[in-house]
Amino acid sequence: MSLFQTVQTPALTYEQPLGLFINNEFIKGVDGKTFETINPHNEKPIVAVHEGAEEDVNIAVKAARSALNGEWKQVTPSERGRLLTRLADFLERDIETLAAIEALDNGKGVTMAKGDVTASAGCLRYYGGWADKIYGQTIDTDTNSLTYTRHEPVGVCGQIIPWNFPLLMFAWKIGPALATGNTIVMKTAEQTPLSGLYVAKLIKEAGFPPGVVNVISGFGRTAGAAIAAHMDIDKVAFTGSTLVGRQIMKSAADSNLKKVTLELGGKSPNIVLPDANLDEAIEWVNLGIFFNHGQCCCAGSRILVHEAVYEKFLQLFKKRAEQNKVGDPFNTETFQGPQVSQIQYDRIMSYIKDGKGAGAKVVTGGDRHGSEGYYIQPTIFADVTEDMTIVKEEIFGPVCTVQKVRSEEEAIRVANDTNYGLAAAVHTTNINTAIRVSNAIKAGTVWVNNYNTLHYQMPFGGFKESGVGRELGSYALENYTEVKTVRVHLSQS
Ligand code: NAI
Ligand code: MG
C-alpha cells in the first residue's frame, strides 16, 4: 500500500500521508498491516493507514532517543521556540485543510473544527514563547557554596491521545514537551489518525530535526500498551478513559517507573442558582453539554438546578437544545455532528435506554437522529435521582441529567458526590456566592457564569479520579522537566 493518498472531502481535496512518521519519514509498519478509518457521517471508510505495534514503537523510541542525545540537544532554546511558532504558522496557513480533515475523520462541524485549529496554533505559539524562559534557581545556603537548579528535559516522552479533539490534544501534548527540550513518540487514536499524520508533515516542513517527534497510528492494546510498558520511555502522558489511565499507571509502575500524567474522565456538575441570569445560564449550560457532541472530558453533564427556577429552567433549556443544528459536519452552520464511532454510538444509546428504564423523564431527544451516520438527538433527562447510572457514569455523548436541589449547600454536596473532579460551573449574579461555591467544589476547573471556555494559558486537569498533573499554562512545563540540584563547594584557598 502506498504512503500517500489524495483524499476528497466535500470542502477540498488534499494529499493525506498514510505511513508511520519516524525520523521525519513516512514509512510502513514492520508487520505491513494497515487499518481503515471511518467517516462517522456515512459510516464508510475514508482511507487505510499503516498500523504501528510494539516493534514500531521500539524503532520510534530509538529514533527519539538518538535525537535527544544528538541533534536536538544542540538546538538552542530560542531556536526550539522558533520551530514551535513556525509550526503554529503552518497550522494557520493550512486551516481549511486541517478543519476538513477533522470534520471528515472525527465528524465535528467544520466551523467548530476551525476553532480547534486556531486553538492548536495558539497553544504551540504559547509554548514557543516559553522555550527560552525555562529557568532554575540559585540558592544561597552558606558562604562556602554555590547551589543552583537546572530544569532539564525528562527525556523521551510517550504521548497517547484520544479521538475527541485529535488535533488539539496533539498540540496540548507536544507544545510543553518540545518547549522544554524533550523528544516524543506520539500515538494517535485509532478512530482519528488523519490530522496527526498531516501535522507530522508540517513538523518536518517547519524544520524539526529527525526523530524529535514520531507519530504512530495504531491501537491501544498494542502500540499504546507498548508505550506504557517501554523501558526506554521516561515519561508517559495520556488522555482518555479512567479505565485505561489506571492500566497505564500500573504499566509504568511495573516497568521503569516512568513519570505519568493522566487526563481522564469526568461527570462535571453545572449549578444554576436562583439569582442566575437565566437566559445567559441556558446558553452556557447548552454549550457545556452539547459542544463537541458531548464528547468532552469536562462536559457539564450533571446539571443541578435550584428548585425556585427548576421548572422555568427546564422549559427554556428544552427550547434551546432543540435549536441546536444537528447534521452534516461539512455544513458550516452545523453545531452537532455524528458521534465518532459505532462503539460510542452504541454506548451512548445504551445509557439512554438505561435512563428511560430507570424512570428518568425525557425532556427532549432520547433517540437517534436521522437514519445514517452515528447521530444522536440532544437529550435531556429530568427528575433523576442520585443513584441512577446516567447520573453517576460518564456518558460522553449529547446526554445530560437535570437534578433539582433545594439549597446552595445541597448543590455543593451533590456536586462533590462523584469520584471525578475535572470541572464544574456555578451560575449566580452574587460574587460572594460564586466564590464560596467555587472554593467548595473539588474540581480542577470551576467556571463562573460560563462553561467550556478553555484557554492554553489556563492550567487544566483533574482532582480525584479525573487525573494526575496539569496540562496547559506554565503548570504543564513542570511535567516535562526534571529538576537537577547542583551544589558547588567553594575552595577557601
Ligand atoms: P480509551 O481510553 O480506550 O482511548 C484513548 C486512547 O488510549 C486511544 O489512543 C487508545 O488507543 C489508547 N489506549 C486504549 N487502550 C490502551 C492501553 N491498554 N494502553 C495504552 N493506550 C491505550 O477511550 P475510548 O475507548 O476511545 O473511549 C471510551 C470512553 O473513554 C469514552 O466513552 C469516554 O468516557 C472516555 N474518554 C475520555 C476522553 C477524555 O478526553 N478524557 C477521551 C476519549 C474517551
Ligand atoms: Mg474516523
Side-chain angles (χ1 to χ4, degrees), residues 20-24 52 54 56-73 75 77 80 83-84 87 123-124 127-128 130-131 134 151-162 168-189 196 199-200 203 208-218 220 223-240 244-245 248-249 251-253 255-263 461 467-472 474-484:
L20 310 175
F21 183 74
I22 298 177
N23 259 329
N24 275 4
E54 189 177 348
D56 305 285
V57 168
N58 291 340
I59 294 168
V61 170
K62 283 205 180 87
R65 180 64 61 193
S66 108
L68 185 80
N69 294 333
E71 209 179 331
W72 188 231
K73 209 178 194 166
V75 173
R80 288 204 302 263
L83 289 166
L84 276 165
L87 181 59
C123 174
L124 295 174
Y127 282 109
W130 267 115
I134 312 291
H151 293 189
E152 299 186 355
V154 177
V156 174
C157 299
Q159 304 188 318
I160 302 172
I161 57 171
L168 191 64
M169 291 302 104
F170 195 106
W172 282 23
K173 291 278 183 287
I174 69 168
L178 294 175
T180 45
N182 298 275
T183 59
I184 295 166
V185 176
M186 164 77 72
K187 193 197 82 64
T188 52
V199 174
I203 284 170
F208 283 91
V212 172
V213 182
N214 305 278
V215 182
I216 304 236
S217 314
I227 288 174
H230 208 285
M231 291 302 289
D232 201 31
I233 288 182
D234 302 294
K235 177 206 158 53
V236 62
F238 169 78
T239 299
V244 172
I248 286 179
M249 213 168 199
S251 212
S255 54
N256 61 345
L257 272 177
K258 55 181 66 64
K259 310 284 178 262
V260 179
T261 47
L262 305 172
E263 205 266 90
V468 176
R470 291 292 177 272
E471 301 201 271
L472 301 182
S474 62
Y475 292 85
L477 300 166
E478 292 165 18
N479 303 321
Y480 287 97
T481 48
E482 289 279 21
V483 177
K484 177 182 285 175

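Quick note: numbers below take in every heavy atom, side chains included, and nothing from hydrogens, waters or symmetry partners.
Using a 4.5 Å cut-off on side-chain heavy atoms (C-beta onward), Arg65 and Asp234 make contact. Counting heavy atoms from C-beta outward, Ile134 and Leu477 have side chains that approach closer than 4.5 Å. Between Trp172 and Thr239 there is no side-chain heavy-atom pair separated by less than 4.5 Å.
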Inset, instruction - May I have the step-by-step check of side-chain contact (heavy atoms from CB on, under 4.5 Å) for Leu472 and Tyr127, ending in yes or no? - result: CA-CA 9 Å; Leu472 301 182; Tyr127 282 109; 4.2 Å; yes

Legend entry - Leu178 vs Leu83, side-chain contact (heavy atoms from CB on, under 4.5 Å): CA-CA, chis, key distance, verdict: CA-CA 9 Å; Leu178 294 175; Leu83 289 166; over 6 Å; no

Inset, instruction - Under the side-chain contact (heavy atoms from CB on, under 4.5 Å) rule, what do His151 and Val483 come out as? Steps first, then yes or no, please. - result: CA-CA 5 Å; His151 293 189; Val483 177; 4.1 Å; yes

Legend entry - Step-by-step side-chain contact (heavy atoms from CB on, under 4.5 Å) determination, Asp232 to Val156: CA-CA 8 Å; Asp232 201 31; Val156 174; 5.5 Å; no

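Interatomic distance, CZ of Phe208 versus CD1 of Ile203, reported as 6.5 Å (0.5 Å rounding). One distance of note links CD1 of Ile161 with NZ of Lys187; it measures 8.5 Å at 0.5 Å rounding. Atom CD1 of Ile174 sits about 6.0 Å away from atom CD1 of Ile184, to the nearest 0.5 Å. With rounding to the nearest 0.5 Å, the separation of CD1 in Ile233 from NZ in Lys258 is 6.5 Å. Rounding to the nearest 0.5 Å places CD1 of Ile227 at 6.5 Å from CD1 of Ile216. For the atom pair NZ of Lys173 and CD of Glu471, the computed distance is 3.5 Å after rounding to the nearest 0.5 Å.
Between the side chain of Trp72 and the backbone N or O of Pro209 there is no donor-acceptor pair closer than 3.5 Å.
Shown here is Glu54, whose CD atom has no more than 12 heavy atoms of other residues, nucleotides or ligands within 6.0 Å.
Thr180 and Pro153 make their closest contact through O-CB, 3.4 Å (heavy atoms, listed as atom of the first residue, atom of the second, distance). For Ala63 against Asn214, the heavy-atom pair with the smallest separation is CB-OD1, 3.9 Å. Taking each heavy atom of Ala228 and Ser255 in turn, the nearest pair found is O-OG, 3.7 Å. Listed here is the closest heavy atom pair of Gly196 and Thr188: CA-CG2, 4.3 Å. Taking both residues in full, the closest heavy atoms of Gly155 and Leu68 are given as CA-CD2, 3.6 Å, listed atom of the first, atom of the second, then distance. Of all heavy-atom pairs spanning Val236 and Ile160, the tightest one is CG2-CD1, 4.2 Å.
For the pair Glu482 and Lys259, the salt-bridge criterion is met [side-chain N within less than 4.0 Å of a carboxylate O].
Contacts of Ala225 classified as side-chain contact (heavy atoms from CB on, under 4.5 Å), with partners at least two apart in sequence or in another chain: none. Residues satisfying the side-chain contact (heavy atoms from CB on, under 4.5 Å) test with Val468, not counting sequence neighbours, are Met249, Leu262.
Of the candidates Asn479, Thr261, Asn182, Lys235 forms a side chain to side chain donor-acceptor pair (under 3.5 Å) with just one, namely Thr261.
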